[in-house]
Amino acid sequence: MSNKTFDDQIIQLAKTTKKLDPATFQERLASLSCADLVRLEAYYIIDTAYNFLGLKTLFDISDFPFQTDQELEAWILKCVELGLLDVQVHDEAIHYTHKAPLQEHFLKAVPKKSIIKYLKLGDKLQVHLLSDLAKPFDLELPEDEAELRKTLIYPDGLLSSLVHNPQLGVISSVALNIALNWQKILFSLGEYEEAAHIINAIFSTLARTGERKLSKALLFEVMNKTTGVTKHVASANLSALLKEERDLDLSLQLYKLAARGLYKHKAYTQWIKTLSEIATIYNFQNRKIAAVLLLEFCVLMNRLRKQAQLNAIPLSKLASVYRQMSLPRIAIRKSKKACDLFRAQQDLVNLAKTLLTHGNSLKMINSLKLAEEAYQEALDISRQITDPSTSASALSGLAMVKLRNYNPEEAKPLLDEALSICERFASPLISVEYENMGQYYEYEKNYQMALVWYNKALKSAKEYMPEIVAICERNIQRAEQKLEQSRQNRLNQLKRN
């Protein structure tokens, strides 16, 4: 065993260590020195799994550091051998996790004063870890502790920049993990405002990466624990998730409450942003004129407040509404401006979504080459940042261009892939993919199969996307007429023969 690397020793020990018996773990704890027991207590109270480097950083900034890496290795080996730490291996990386019975023991046995001390150590660790992520970008962080915390987690701070730029890859993922650990510690310490800043920064990233339930639960927690602007921002963010799930009535109700609260507290930037989201729901409810007026008001207000850079999102939303109102040239102007702003802000998530609108509008005026370029760029970006919903929409957009260019054999695989993505991620946008599949079969003059897909689209749209119900009904009526005409043509042909 002495010839094996440290990681090999750990993995081997984890395989051979006996399970921790709640009746006998006191005996195992007693075999630790006082200093080693304190370290284990701290690790369990902080309640986060770390790798070797994370443990080293934790103890280096504590009052009970190890003098050498070898001492830390010996402590880990002993804890794993005694069954006091679990080992998880993922992608060849080893993390040290907690045992449930021991977790319960420490929470009951450790004095409250010590628990607070350990939690503050965990808080200090998160500051240290998030600050380290700024190093590759040569960012100069404040030395004052209060200012540093604001720079890290307040709106538009470092955390927000990192988690909203998935093109940063591992750095973005690490920042999200730090944020999740940190908010939990802050809630335990009763620092609800700071926890709220973190959750409001990461909620959309959590939802986009498949953690929608967790995102909603955390926002509910913020709303229960905070007041004023912080609570209203969390309410608006929860509304955004409900809107994506097409729970429009509840979403609109929460948005309006949030808007009134934000205006009352003179949080005008957040107020304008919330109004633009209300306009989106009006659009979903086919209240197009109300949506346009409210969005144009948001654009005007941002300009009057000399914050035109904030107009990217309302302009993108306006482009979508104008396209749906069959005003593609106005939509193209709006989406082009929005894309320019998103590029300047390096906001790839919203850039990809706006490119879809841009492509849809260009397709309406038969500018198919430019539409294809927009869809392809949206697809490339969405794959880069792992945004499956946008990838599906871009694939179906490309497929529709292929159909317009008389290439059905190239369109079908794209539609199949888009539909597969929506099914895999249970996306409400699957209604659109059903409709697109219907269009493919209608193009192929297989009207019976087209009707199958159009009816699936209608059924799904009634539940998830009421704004396209009328389109689905028109598609069904048209396909039925073509099917009847096709049957009549065949009958006439038989009579002539």
Side-chain angles (χ1 to χ4, degrees), residues 1-22 24-103 105-106 118 121-122 124-136 162 168-182 184-185 209 386:
M1 193 156 98
S2 59
N3 293 326
K4 293 186 176 182
T5 65
F6 173 69
D7 286 353
D8 289 336
Q9 293 179 56
I10 287 294
I11 293 170
Q12 188 61 34
L13 272 176
K15 290 177 180 177
T16 57
T17 300
K18 293 180 180 179
K19 289 186 177 180
L20 187 65
D21 184 351
T24 61
F25 65 69
Q26 290 278 14
E27 186 180 315
R28 301 191 193 186
L29 290 174
S31 66
L32 296 176
S33 68
C34 287
D36 283 349
L37 181 58
V38 166
R39 291 174 179 124
L40 191 65
E41 284 180 356
Y43 193 47
Y44 266 84
I45 296 301
I46 292 171
D47 190 22
T48 302
Y50 288 113
N51 58 12
F52 183 88
L53 184 59
L55 279 171
K56 176 176 167 54
T57 305
L58 170 65
F59 294 129
D60 280 349
I61 64 173
S62 73
D63 296 333
F64 32 85
F66 290 102
Q67 299 304 310
T68 65
D69 286 358
Q70 288 72 28
E71 288 183 12
L72 174 56
E73 288 178 357
W75 179 81
I76 294 172
L77 283 167
K78 187 168 186 178
C79 289
V80 172
E81 187 175 16
L82 290 170
L84 303 174
L85 283 179
D86 259 339
V87 175
Q88 285 188 349
V89 182
H90 182 66
D91 291 338
E92 299 184 357
I94 295 176
H95 286 78
Y96 304 99
T97 58
H98 307 94
K99 305 266 190 175
L102 207 50
Q103 183 92 45
H105 164 76
F106 282 131
Y118 297 148
L121 172 61
K124 183 178 177 182
L125 175 62
Q126 309 315 312
V127 173
H128 186 92
L129 293 174
L130 191 55
S131 298
D132 276 351
L133 294 183
K135 290 178 180 177
L162 295 179
L168 297 175
V170 173
I171 292 177
S172 184
S173 299
V174 170
L176 182 59
N177 286 331
I178 291 170
L180 285 170
N181 296 333
W182 200 355
K184 184 168 58 176
I185 291 169
T209 54
T386 318

Hey, are the side chains of Leu85 and Trp75 touching, using non-hydrogen atoms and a 4.5 Å cut-off? yes
All side-chain hydrogen bond (donor to acceptor under 3.5 Å, both in side chains) counterparts of Asp60, not counting sequence neighbours: Lys56
Reported OH-to-CD distance for the pair Tyr43 and Gln103, which is rounded to 0.5 angstrom: 10.5 Å
When every non-hydrogen atom of Gln126 is compared with those of Asn181, the smallest separation belongs to OE1-CB, 3.9 Å
Between Trp182 and Leu129, is there a side-chain heavy-atom distance shorter than 4.5 Å? no
Minimum heavy-atom separation for His95 and Asn51, please, with both atom names. CD2-N, 3.5 Å
Heavy-atom check, side chain of Tyr50 versus side chain of Thr57, under 4.5 Å: no
Given Leu55 and Phe66, is the side-chain contact (heavy atoms from CB on, under 4.5 Å) satisfied, shown in steps? CA-CA 10 Å; Leu55 279 171; Phe66 290 102; over 6 Å; no
Give the minimum heavy-atom separation between Val87 and Thr97, together with the two atoms involved. N-OG1, 4.3 Å
Exercise: identify the closest heavy-atom pair between Asp86 and Lys99: OD1-NZ, 3.0 Å
Report, as yes or no, whether the 6.0 Å neighbourhood of atom CD on Gln70 holds more than 12 heavy atoms from other residues, nucleotides or ligands. yes
Asp7: which residues meet the salt bridge (charged side-chain N to carboxylate O under 4.0 Å, His left out) condition with it, sequence neighbours left out? none
Rounded to the nearest 0.5 Å, how far apart are CG of Leu84 and CD1 of Ile76? 13.0 Å
Do the side chains of Leu162 and Leu130 get nearer than 4.5 Å, heavy atoms only? yes
Are the side chains of Phe52 and Ile94 in contact, using a 4.5 Å heavy-atom criterion? no
CD of Gln67 to CG of Leu72: how many Å apart, nearest 0.5 Å? 12.0 Å
What pairs with Asp47 under side-chain hydrogen bond (donor to acceptor under 3.5 Å, both in side chains), at least two apart in sequence or on another chain? none
Taking all non-hydrogen atoms of both residues, which atom of Phe64 and which atom of Arg39 are closest, and how far apart? O-NE, 2.9 Å
Is Ser131 reaching over with its side chain to a backbone N or O of Val127, donor-acceptor style, under 3.5 angstrom? yes
After noting the C-alpha distance and the side-chain angles of Thr386 and Thr209, does the key distance pass the side-chain contact (heavy atoms from CB on, under 4.5 Å) rule? CA-CA 8 Å; Thr386 318; Thr209 54; over 6 Å; no
Which heavy atom in Leu82 sits nearest to a heavy atom in Arg28, and how many Å separate them? O-NH1, 2.6 Å
Do Leu121 and Ile45 have side chains that approach each other closer than 4.5 Å (heavy atoms only, starting at C-beta)? no
State, yes or no, whether a side-chain contact exists between Asn177 and Thr48 at a heavy-atom distance under 4.5 Å. no
Working to the nearest 0.5 Å, report the span between CG of Leu13 and SG of Cys79. 11.5 Å
Which value, rounded to the nearest 0.5 Å, describes the distance between His128 atom NE2 and Ile178 atom CD1? 10.0 Å
What orientation do His98 and Tyr44 show, parallel under 30°, tilted 30 to 60°, or perpendicular over 60°? perpendicular
